[in-house]
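Letters go in sequence order (proteins before strands), and every chain restarts at 1.
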Amino acid sequence: MNRLPFLLKDAGLAALIAFGLALPLAGFRLPDGASGTDLGFRLDWVAAATAIVFAGRLVMGLSRPFFMAASEGMAPKFAAVTRRLGWSGYLLAGVALVLPMLPFADRNLIDKATLILIYVMLGWGLNIVVGLAGLLDLGYVAFYAVGAYSYALLSLNFGLSFWICLPLAGLFAALFGILLGFPVLRLRGDYLAIVTLGFGEIIRVILLNWQNFTGGPNGISSIQRPSFFGLPFTAEPAEGITAFHDFFSLDYSSFHRVVFLYYLILLLALATNLFTIRIRKLPLGRAWEALREDEIACKALGINPTMVKLSAFALGAMFAGFAGSFFATRQGFISPDSFTFIESALILAIAVLGGKGSQMGVAFAAILLIGIPEWFRELAQYRMLAFGCAMVMIMVWRPEGLMSKRDPTVRLKGNKP
Amino acid sequence: MAYFLQQLINGVTLGAIYGLIAIGYTMVYGIIGMINFAHGEIYMIGAFISLIAFLVLGAMGVTYVPLALLLVLILAMGFTALWGWAVERLAYRPLRGSFRLAPLITAIGMSILLGNLVQILQGARVKTLPPTVPGGLILMEAEGFAVRLSFLQIFIVALTIALMIGFTWLIKNTSLGRAQRACEQDMTMAALIGVNVDRTISATFVIGAALAAVAGLMVTLYYGVIDFYIGFLAGIKAFTAAVLGGIGSLPGAMLGGLLIGLIEAFWSGYFTTEYKDVAAFSILVLVLIFRPTGLLGRPEVEKV
């Protein structure tokens with residue numbers, strides 16, 4: 001069977017479309033000229049794009065028969081591998097626990113691991129809303145911001161310590177979740193997504209413009225750093241206060257604080273994870289998953305959808321609040337720039353790519369999406385491009401996410417999967 | 001009074017632009033029930049293509065303004081429509097029949113992808129176009145304040161009205177319009193009686209993108225400044241317009257666009273500009289809470 005002419009024609013058509021797409025946007029440059037924007041040419045880029053699409057389409061067409069044959073046997077195997085990955089969670093947690101004690105662990109590595117863990121925690125928090133309850137929240141970063149600003153303002157204005165502010169920040173974020181969620185949770189899925197997006201932006205604009213309360217675009221600086229049960233991590237503590245290194249008779253090292261922050265976020269993240277795992281077994285967690293699958297059936301069974309959704313929304317927001325107050329204490333400085341829509345999209349990408357409802361998948365996705373760009377700083381420009389691309393491709397090829405776990409948590413006796 | 005009239009003129013101009021983008025949202029929602037989040041980015045691409053077309057024509061020596069406008073209009077509509085088609089083909093068509101939120105997530109990904117693609121290809125700096133359609137009328141002068149109606153504003157509103165008339169005719173009287181209305185009611189049934197559903201949906205995206213390109217052209221002319229980030233906010237506002245008018249309803253989209261434009265013009269005219277964007281978001285939230293069907297929309301009944 002000779003499929004080559006057909007494939008060539010197909011590839012030619014794809015190349016023609018690529019040419020049309022690339023010609024206006026890639027074919028011309030718009031450099032800054034003396035009097036406004038100038039025009040430059042870059043037709044070689046168009047030729048390259050066209051050639052790449054032609055070759056790619058041809059190779060795809062030629063390899064399709066082999067690929068189809070190979071992938072037929074793959075799907076069940078892949079599922080089996082995913083199922084057996086259960087132990088890898090403990091392995092990952094174990095590695096995370098001993099990471100600062102490993103010989104190659106330096107300040108840089110621990111800093112990056114801390115950043116990844118913040119996103120793991122945010123991913124797990126959003127997973128409650130998106131993965132379990134099936135509510136698409138595009139303004140999750142608003143609660144993160146509420147947590148961060150609550151801690152910063154409480155500690156600056158009232159001198160409260162981190163450990164008192166942490167639950168307060170979570171509480172405030174949850175309160176915000178309830179306030180925002182109450183009117184909008186009656187809406188259908190995609191409307192809800194847009195409204196949460198709107199709320200996220202409103203909160204950011206308010207933070208930006210409410211100068212004398214939030215500091216406006218300058219943000220809040222010199223936020224109090226956390227202490228180890230009252231023992232601060234400073235080289236020269238104030239009169240009458242024992243520093244961490246004095247208490248344990250160690251030499252002062254700035255590494256102590258980094259490691260302490262790392263363990264703090266690890267603890268918070270694992271608490272989020274444990275909470276999620278446990279609540280999935282409770283009636284509330286079961287109601288979330290049932291609601292995600294079929295709202296009308298839930299109503300018929302006497303579940304109040306608004307209250308159930310509201311609880312998911314508030315709990316998800318609470319974990320974002322915890323993460324936010326940790327973020328504030330780690331950075332020592334916050335401004336509205338840290339809480340843009342892109343941040344929400346990033347957290348959503350982590351939760352979705354990881355496989356909605358899968359805890360392990362979220363951790364892997366956070367390492368992938370936050371860790372890799374951290375190590376390849378020079379590629380930062382292409383980072384968001386790759387995010388967008390990954391979100392589209394994962395949805396097209398594996399709509400359930402990389403490691404999907406959409407099967408019900410609870411089964412009737414004898415009802416084997 | 002004079003100040004009021006001036007804000008009215010500005011608001012109607014702005015509303016025409018939002019209305020054109022809103023039609024893209026409302027048509028796509030009507031036919032496949034998804035929010036095409038990347039539509040704002042398509043509008044941004046339209047603005048860039050218009051700017052490039054202007055500069056290319058200028059370099060080629062086409063200086064007669066009406067001819068240049070016509071050519072730019074055709075080029076921008078054509079190329080942007082191709083982008084709209086490609087987005088649908090690559091990102092949305094494979095997901096038909098997937099779970100409900102899947103296309104929305106892809107659309108967000110596509111929006112991020114397109115925004116950053118343009119940023120990488122054309123740089124993050126703002127691009128400027130010198131005023132192309134100068135001049136205007138002074139309608140009245142009172143209390144030392146002159147009410148201006150520029151030729152550009154007349155052009156924008158006139159072109160929008162013309163496109164509206166043409167578009168309504170297309171939906172009412174052509175076979176494509178009939179196919180679109182059929183798909184909107186019941187896609188499976190439409191396929192059974194011989195409507196090519198995929199092609200109809202593609203055509204919807206192409207028309208929506210072409211109208212967004214016109215809006216992009218208008219913004220490039222009106223403000224003279226564009227950058228890769230304009231799509232996000234304009235997209236949200238146009239979506240608000242579509243929801244306000246009743247999503248799925250074409251006259252609703254136009255009415256919603258007009259209202260959003262007017263609200264924004266009066267807000268920045270009489271209050272502060274700082275919270276201008278919050279106004280649009282707040283309206284969106286309030287409309288969705290109190291009247292989710294919008295002004296002209298039909299209530300949606302969910303069946304088991």
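Contacts between B:F239 and chain A at a heavy-atom distance below 4.5 Å involve the side chain alone, from C-beta outward. If you measure heavy-atom distances from B:S282 to chain A, the contacts under 4.5 Å come from both the backbone and the side chain. With a threshold of 4.5 angstrom between heavy atoms, A:F41 does not approach chain B through any atom at all. Contacts between B:A91 and chain A at a heavy-atom distance below 4.5 Å involve backbone atoms as well as side-chain atoms. With a 4.5 angstrom heavy-atom cutoff, A:L348 touches chain B only via side-chain atoms. Both the backbone and the side chain of B:L121 come within contact range of chain A, judged by heavy atoms closer than 4.5 Å.
Separation of the A:F176 and A:F143 ring centroids does not fall under the 6.0 Å cut-off. For A:F182 and A:F313, the gap between ring centers reaches or exceeds 6.0 Å.
The residue among A:L30, A:V205, A:I202 with the most heavy atom pairs within less than 4.5 Å of chain B is A:L30. With respect to chain A, the highest number of heavy-atom pairs below 4.5 Å among B:F48, B:F79, B:W85, B:F290 belongs to B:F79. Note: A:G20 leads A:A345, A:A386, A:A349, A:G20 in heavy-atom pairs under 4.5 Å with chain B. Among A:L21, A:L385, A:I17, the residue making the largest number of heavy-atom pairs under 4.5 Å with chain B is A:L21. For chain A, the option among B:L129, B:V56, B:V118 with the highest count of heavy-atom pairs below 4.5 Å is B:V56.
By the 4.5 Å heavy-atom criterion applied to side chains, B:L259 and B:I283 are not counted as neighbours. Contact check for A:L135 versus A:L291: no side-chain heavy atoms found under the 4.5 Å cut-off. Using a 4.5 Å cut-off on side-chain heavy atoms (C-beta onward), A:R57 and A:D10 make contact. Contact check for A:L25 versus B:W83: side-chain heavy atoms found under the 4.5 Å cut-off.
Atom CZ of A:R42 is surrounded by more than 12 heavy atoms from other residues, nucleotides or ligands within 6.0 Å. Under a cut-off of 6.0 angstrom, the local environment of CZ in B:R96 is crowded, with over 12 non-hydrogen atoms contributed by other residues, nucleotides or ligands.
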